[in-house]
Asks: 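Handing you a structure now.
Since this is a predicted model, take the numbers as computed values, not measurements. So you know, we letter chains A, B, ... as the sequences are listed, proteins then strands, and number each from 1.
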Amino acid sequence: MWSRTFAGLVLGFFAAMALCGAIAYMTPAGWKTAIIPVIALFPLVWLGLFAAVYASRTATRAWIGLGATTVVAWAALLLARAVW
Amino acid sequence: MRAQTLRQYLSVHTWAGIVAGFALFIAMLGGALTVFHHEIERWEQPATRHAPMTLAQTEQLAEMVRAKYPAAREQMGVVLPSHSSTPFAYWQATNGDWMQARLGPSAAGAEPSLVIGNARPGLSSTLNALHYSLSIPTYGLYLMGVVSLFYGMALISGVIVHLPRVTRDIFALRPGRNLKRFWQDAHNAIGVLSLPFHIVFALTGALLCLSLPLMMAFNVVTFEGKLMSEIPQVTGAVPAKVAPVDGKPLDLQAILARAEHAAPDMEATAVAWTGYGKPDAVAEVYGEANNSLGVFAAVAVRLNDGEIVGQHSPGARDTNHAVMSMVYGAHFGNFAGDAMRWVYFVLGLMGAVLVYSGNLLWLESRRKRNAALQPANLRWMAKATAGVFLGTCLGIAVAFVGALVAPGMTALSIFVATLAVSVMFAALTAPAVAATGLLVATALVCVAIPVVDAAVTPDNLVRSLASGDGVLAGVDLIAVVCAVIFALFARATWQRARRGDPNSVWARPALANGQTLRDTDTASTTERATDARADNTPMTTTLPEQPDPART
C-alpha cells in the first residue's frame with residue numbers, strides 16, 4: 001500500500017508532468033499557446049496515474065509499470081521539445 | 001475486478017476521506033455559502049445595506065490610498081461598488097505584504113477616514129477564506145490544494161469501489177433498521193449523482209489553490225525555465241510592452257466607459273492600475289461576461305488616453321485565457337445566473353453531507369455489534385466528527401449572529417472560539433450528547449439570525465419580503481430553513497441515542513450510578529437492552545467499571 005502510494009506520488013508526478021509538457025510542445029501553435037490547458041490537465045493526469053497503481057497485483061509491478069510510463073513520457077517530452 | 005483490488009481501492013477511499021474529511025467539510029460548507037458572497041456581504045453590514053457606496057467614493061478611496069502609500073501608485077486594485085457593497089482597495093507594500101483599505105465612516109461633509117488592514121475582517125470574507133484556506137495565512141491555500149487532491153483521489157477510488165453495484169443501487173435509499181445500509185445508500189447516491197460536479201470542484205479547486213506551485217514546477221521540469229516570464233501575458237490582459245503616451249490619467253468613470261465600449265457583454269467588477277501617473281500606465285478592468293462558461297474577462301485600457309491595449313473576453317481570447325476563464329467559471333458557478341448559483345449552493349451542501357456521511361460510515365462499519373463499550377478510537381472519532389463537523393455549523397451560525405450583534409469582533413475569532421468550545425464539549429461528553437447538543441444549539445442560533453436581524457437593524461424578514469428585497473429576505477429565510485433541518489437532525493440523533501442499538505458510539509450513555517450524561521464508559525445496563533429492539537441486540541453485556549484508556 002505505502003510502496004504503491006509512493007510510486008504514484010513520485011513517479012506519477014513526473015510522468016504526468018512530462019506528459020502534459022509533451023502535449024504542450026506538440027500543439028500546432030507552440031507550447032506558449034497551451035500553457036494553461038496543460039496545467040489544468042495536470043491534476044487529472046496525475047490522479048489518474050496515481051489511482052492506476054492500486055490496480056496492480058503487486059507493488060513491484062506498480063513500480064515497473066509506472067516507471068515505464070515515466071520513461072516513455074520523458075522520452076516523448078524530450079523528443080517533442082527537440083523536434084517542435 | 002479482483003476482490004483484493006477492490007479492497008485496495010476501498011482502503012484508499014477510506015483513508016483519503018478520513019485524512020481530508022475535516023478540512024473538506026469546512027471547505028464544502030464555506031464554499032456553498034460563498035456562492036452568495038456578495039449577498040451575505042450586503043446583509044452583514046446594516047449601515048450600507050440600502051446605501052451602497054458610489055463610484056465617486058471608490059475613486060476617492062483610490063486617490064487617498066495613492067496619496068498616502070507610494071507603493072500603491074505602482075500597482076493597486078479596487079473592487080467596484082457594482083460587485084461589493086463596501087468596495088476596498090488592495091495593493092502590495094514595498095516589503096511584499098498585501099495591504100487593504102476601505103473608507104471609514106465619517107461625519108457628513110467631512111473628509112472620510114481610511115481604514116487600513118491587511119486582513120479582510122467581514123463575515124462573508126471569512127467564510128470565503130475558510131473555504132479556500134481554512135483562514136490560515138499563506139500555507140492554508142496550499143493545504144487546501146492538497147486536500148482537493150485527496151478529494152479527487154477519494155472520488156476516483158470511491159467510484160471504482162462502488163462500480164460493481166452502481167446500476168443496481170443508484171436510486172436505492174433503504175431506510176430501516178440497518179442504518180449502515182441507509183447511510184451507505186445516501187452516501188453513494190449523493191456521490192454518484194453529483195459526481196461530475198464533484199470532479200470539477202476537486203480539479204478546479206486544486207488548480208486554483210496550487211496554481212503558483214504548479215507553474216513553478218512546470219517552469220523547472222518541462223519548460224526549461226521559460227514559463228514564468230510568460231505568465232503575465234498568459235493570464236492577464238496587459239501586453240508585455242505598452243507604448244507610452246503623455247496625458248492626464250483618466251478617472252474611473254472614463255475607464256469603465258472605455259471598457260464597456262470594448263466588451264459590451266462584460267459586467268465590470270474590479271479595476272487594477274499599473275504605473276499610475278507614468279506614460280505607459282494601464283488600467284485593467286476585470287469583469288464577468290454573460291452567457292459563457294468562461295465568465296472571467298478583462299480589458300486593458302491605457303490610462304493616459306483610453307486606448308484599448310489588450311482584452312480577453314468570450315470570442316476575443318486565446319486558448320490560455322479561455323481555459324483559465326472556464327476554470328474560474330466552473331468553480332465559482334457564476335456562469336449562468338442565479339439558478340446555477342442555487343445549484344452550486346445545493347451541490348456544495350451535498351458535498352458537506354457526503355463528507356459527513358463518509359465519517360458516519362467509517363464509524364458504523366467498525367462498530368462492535370456486541371459490545372456496549374466501543375473501542376476508544378471509534379469513540380474519539382465520533383467525538384471529533386461531532387465536535388468539528390457540527391462545531392463548524394454552529395460556528396458559522398454564531399458568526400452570522402455576531403456580525404450584527406458584535407460588529408467590532410472579527411468573524412474569524414467568533415468562529416474559532418465557537419469551534420473550540422464545541423470541540424471541548426464533544427471531548428468531555430458522550431458522542432450522542434455532543435451531537436444532539438450541538439445540533440440543538442445550531443438550530444437555536446439559526447433561529448436567532450432573523451431575530452437579531454429584526455432586533456438590531458431597521459430591516460426584518462417581513463419588511464424585506466414585503467419590499468421584495470430577495471437578498472436580505474433570502475439570508476433570513478435560509479437561516480430559518482437551516483434551523484428546521486438542524487432541529488430535525490437533533491431529534492433523529494436523540495431518538496437513535498435513546499431507542500437505537502445500545503451497542504454503538506451514538507447510544508446514550510447510561511444514567512446509572514447517579515451520573516449525568518457524561519461519557520461514562522460503564523455503558524449499557526440491562527434496562528437499556530430491553531428498551532432497544534430485540535432483534536438488533538443479540539447479547540448486551542453489562543460491563544463493570546473500566547478504566548478508559550483514552551482518559552488515562
Asks: Would you mind checking which part of B:Y9 comes under 4.5 Å of any heavy atom in chain A, side chain (CB onward), backbone (N, CA, C, O), both or neither?
Replies: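 Interface part for B:Y9: side chain.
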Asks: Under 4.5 Å heavy-atom distance to chain A, tell me which part of B:Q233 shows up: side chain, backbone, both or neither.
Replies: neither
Asks: With a 4.5 Å cut-off on heavy-atom pairs, point out which of B:L227, B:I199, B:T204, B:D318 contacts chain A the most.
Replies: B:L227
Asks: Pick one of side chain, backbone, both or neither for A:A52, based on which atoms fall under 4.5 Å of a heavy atom in chain B.
Replies: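 Looking at A:A52, just its backbone touches chain B.
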Asks: Could you check which of A:A29, A:C20, A:A55, A:G21 has the highest count of heavy-atom pairs closer than 4.5 Å to chain B?
Replies: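 Of the options given, most contacts go to A:A55.
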Asks: If the contact rule is any heavy atom under 4.5 Å from chain A, which residues of residues 208-217 of chain B qualify, in numerical order?
Replies: B:L214, B:M215, B:A217
Asks: Measure A:A40 against the heavy atoms of chain B and call it side chain, backbone, both or neither at under 4.5 Å.
Replies: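 Both backbone and side chain of A:A40 come within 4.5 Å of chain B.
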Asks: So for A:A24, is it side chain, backbone, both, or neither that comes closer than 4.5 Å to the heavy atoms of chain B?
Replies: side chain
Asks: Taking atom CZ of B:F150 as the centre, report whether more than 12 heavy atoms of other residues, nucleotides or ligands fall under 6.0 Å from it.
Replies: no
Asks: Please look at A:T5 and chain B and tell me whether the side chain, the backbone, both or neither of the residue comes under 4.5 angstrom of a heavy atom of that chain.
Replies: neither
Asks: Hey, could you give me the CE/CD1 distance between B:M324 and A:I35, rounded to the nearest 0.5 Å?
Replies: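 Answer rounded to 0.5 Å: 12.0 Å.
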Asks: Between B:Q8 and chain A, which part of the residue has a heavy atom less than 4.5 Å away: side chain, backbone, both or neither?
Replies: both
Asks: Are more than 12 heavy atoms, taken from residues, nucleotides or ligands other than B:R366, located less than 6.0 Å from that residue's CZ atom?
Replies: yes
Asks: For side-chain contact (heavy atoms from CB on, under 4.5 Å), just list the numbers for A:W31 and B:K226, CA-CA rounded to whole Å, side-chain angles, deciding distance to a tenth of an Å, and then say yes or no.
Replies: CA-CA 11 Å; A:W31 67 272; B:K226 294 176 196 156; 3.9 Å; yes
Asks: Counting heavy-atom pairs closer than 4.5 Å to chain A, which one of B:T235, B:I231, B:I156 comes out on top?
Replies: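 Maximum pair count with chain A is reached by B:I156.
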Asks: Of all heavy-atom pairs between B:S11 and A:M1, which one has the smallest distance, and what is that distance?
Replies: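 Where B:S11 meets A:M1 most closely, the heavy atoms are OG-CE, 3.4 Å.
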Asks: Against chain A, work out which of B:V234, B:I160, B:L6, B:V221 has the most heavy-atom pairs shorter than 4.5 Å and name it.
Replies: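 If we count pairs closer than 4.5 Å to chain A, B:V221 comes out on top.
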Asks: Can you confirm whether more than 12 heavy atoms, excluding those of A:R57, are under 6.0 Å from its CZ atom?
Replies: no
Asks: Between B:Y151 and A:L47, does the side-chain contact (heavy atoms from CB on, under 4.5 Å) criterion hold? Intermediate values first, please.
Replies: CA-CA 10 Å; B:Y151 176 36; A:L47 284 179; over 6 Å; no
Asks: Under a 4.5 Å cutoff for heavy-atom pairs, which residue among A:L77, A:I39, A:V38 has the most contacts with chain B?
Replies: A:I39
Asks: At a 4.5 Å cut-off on heavy atoms, which part of A:A51 comes close to chain B: side chain, backbone, both, or neither?
Replies: both
Asks: So which part of A:R4 gets closer than 4.5 Å to some heavy atom of chain B, the side chain, the backbone, both or neither?
Replies: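 Side chain only.
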Asks: Specify which of B:V327, B:V12, B:T5 makes the most heavy-atom pairs with chain A at under 4.5 Å.
Replies: B:V12
Asks: Could you report the tightest heavy-atom contact between B:T222 and A:Y25, atom names first, then the distance?
Replies: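 It is O-OH, 3.3 Å.
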Asks: Under 4.5 Å from any heavy atom of chain A, what part of B:S148 do you find: side chain, backbone, both or neither?
Replies: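 Interface part for B:S148: neither.
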Asks: So which residue, A:P43, A:G48, A:A18, A:P37, ends up with the most heavy-atom pairs under 4.5 Å with chain B?
Replies: A:P37
